[in-house]
2 protein chains.
Amino acid sequence: MGQELPVTSYALLGLLTFGDELTGYELKQRADITLRFYWVSPAMSQVYTELRRLTDAGLVEPTAEGRGQRYRITERGRRELKDWMDGTPAGFPVLKHPVLLRLLMGHVADPATIKAMLREYVDELTTALADLDEVRESLRGADAPGEAFRHPSLVADWGLAYFESEARLARETLARLDEGPLDKDL
Amino acid sequence: MGQELPVTSYALLGLLTFGDELTGYELKQRADITLRFYWVSPAMSQVYTELRRLTDAGLVEPTAEGRGQRYRITERGRRELKDWMDGTPAGFPVLKHPVLLRLLMGHVADPATIKAMLREYVDELTTALADLDEVRESLRGADAPGEAFRHPSLVADWGLAYFESEARLARETLARLDEGPLDKDL
DNA sequence: ACAGCCATGTAACTCGTTACATGATTAC
DNA sequence: GTAATCATGTAACGAGTTACATGGCTGT
């Protein structure tokens, strides 16, 4: 019906399908520990903007008035979300990967800069892995087929494997960069 | 000095560091076969906008006038690009992954929708792999350490491994989704 | 009392997109 | 001759960001 919301709206709406009611502030926190890894962490101001939009569209509703306002998804919101998932193609992921972008033009920079960048990326991945692993552990107990956090745990496992893959690729690339300049005397 | 261009400007500038002169149209094509995999494919209109901005900043210069205009990077442009790479942190990749986003809220949709989505993703990955592999093959012959396409080929190899990893994860997730509902009778 | 977190919002701005418009050159 | 590709741009718009502003509540 009233389709055509930006994907981030659906993303936030989706975070409200886990049975609880959240304030804008709490919704932002939930986005920070979930969406951030494979979508975006919207700015605080945008969370409120989206909540306003979703409310106007009747997809969420406030459960009290004044401050400390909590929002819950409506039946209409749940239907709309399902229609969106069933009726529109997901589309291919968009990756904005500044490390690969800079590696592409590696011949312009100092070799030392490139290597430092890759090492720093490995460090950041280590942190990200720890953060996501913590989230993943918090889902244990309700992650079996049919349980509430089944899908979030599948996503978390995917994310963990992705970060591990990236760390491996970064290390391999570092090694390949080291091979290079050494055998210039053959 | 005149820092603070959007990253996409630097990306396009970087595509002009491979020794040739391009029209806006050709630059867009180059972006389509390289940047698209780990950054973005800017719209045609934006390519021209960026070329204008880069020209105004003295980082690229036209080599003739009129239509069929070709642009080449200036010495200043090359310095600016290097300063940017050496002087500013790359930052962590941003992934906009609609497949994982939808999988997260898988409990809202039909199980069949989720599985169809994953199968379609595998298909799209197969296409992307073929496209990128073609690019990678075209770099052969100048991809050794010290040669012109060394870095682009490292990036392409990384991208290929990434797509393969995604395909594997999608297939594993499909398998895990199948396990689930079956043993509801134990 | 002061810091830090909880909570909500507005305003200005940038990036990047889509839609539109125009016309030259090349291929069949 | 006509379709596709090459080539260049303008205008309107939307999504999302940063900066700013406000104020309550909690712990020390």
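What you see below is based on every heavy atom in this structure, not just the backbone, and it leaves out hydrogens, waters and symmetry mates. Residue numbering restarts at 1 for every chain, and letters A, B, ... go by the order of the sequence lines.
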Q. Would you say a side-chain N or O of A:R53 is under 4.0 Å from OP1 or OP2 of D:dG16?
A. no
(Q) Using whole Å, what does the distance between atom P of nucleotide C:dC6 and atom CZ of A:R70 come to? (A) 12 Å
(Q) Can you tell whether the side chains of B:D157 and A:R176 come within less than 4.0 Å, N to carboxylate O? (A) yes
Q. Atom CD of A:Q29 to atom P of C:dC5: distance rounded to whole Å?
A. 11 Å
Q) Side chain of A:Y25: nearest nucleotide among D:dC6, C:dC6, C:dT17? A) C:dC6
Q) Of all the choices, D:dG16, D:dG9, C:dG16, which nucleotide is nearest to the side chain of B:Q46 once you look at every atom? A) C:dG16
Q.
Quick check on C:dC15: is either OP1 or OP2 less than 4.0 Å from any side-chain nitrogen or oxygen of A:K96?
A. no
Q: Mind calculating the distance between CG (A:L12) and C1' (D:dG16) to the nearest angstrom?
A: 12 Å
Q: Name the nucleic acid region contacted by A:S9, choosing base, sugar-phosphate or nothing; use a 4.0 angstrom heavy-atom cut-off, strictly under.
A: nothing
Q: Write down the distance between OH (A:Y10) and C1' (D:dA15), rounded to a whole number of angstrom.
A: 15 Å
(Q) I want to verify a distance call: between C:dA11, D:dG9, C:dG16, whose nearest atom is closest to the A:S45 side chain? (A) C:dA11
Q: Return the 5'-most residue of the pair B:E26, A:E50 with respect to DNA chain D, ranking by each residue's nearest nucleotide.
A: B:E26
**Q.** Nearest-Å distance for atom pair CZ/P, residues B:R52 and D:dA11
**A.** 13 Å
Q: Classify the nucleic acid contact of A:T49 as base, sugar-phosphate or nothing, counting any heavy atom under 4.0 Å across all strands shown.
A: nothing
**Q.** Position toward the 5' end of DNA chain C (nearest nucleotide), A:Y48 or B:P42
**A.** A:Y48
Q.
Here's a test of your reading of the structure: between A:M44 and A:P6, which maps to the more 5' nucleotide of DNA chain D?
A. A:P6
Q.
For a quick check under 3.5 Å, do A:R102 and B:T88 share a side-chain donor-acceptor pair by atom type?
A. yes
Q: In whole angstrom, give the distance that lies between atom CG of B:L51 and atom P of D:dT10.
A: 13 Å
Q) In whole Å, what is the span from the CZ atom of B:R30 to the P atom of D:dC6? A) 15 Å
Q) Going by heavy atoms in the side chains, are B:Y38 and A:L104 under 4.5 Å from each other? A) yes
Q. How long is the line joining CH2 of B:W39 and P of C:dT17, in whole Å?
A. 12 Å
Q: Could you tell me whether B:R72 and B:D20 have a side-chain N and a carboxylate O separated by less than 4.0 Å?
A: no
**Q.** side chain to side chain contact (heavy atoms under 4.5 Å, CB included) partner of A:L15, the single match among A:I73, A:T34, A:L22
**A.** A:T34
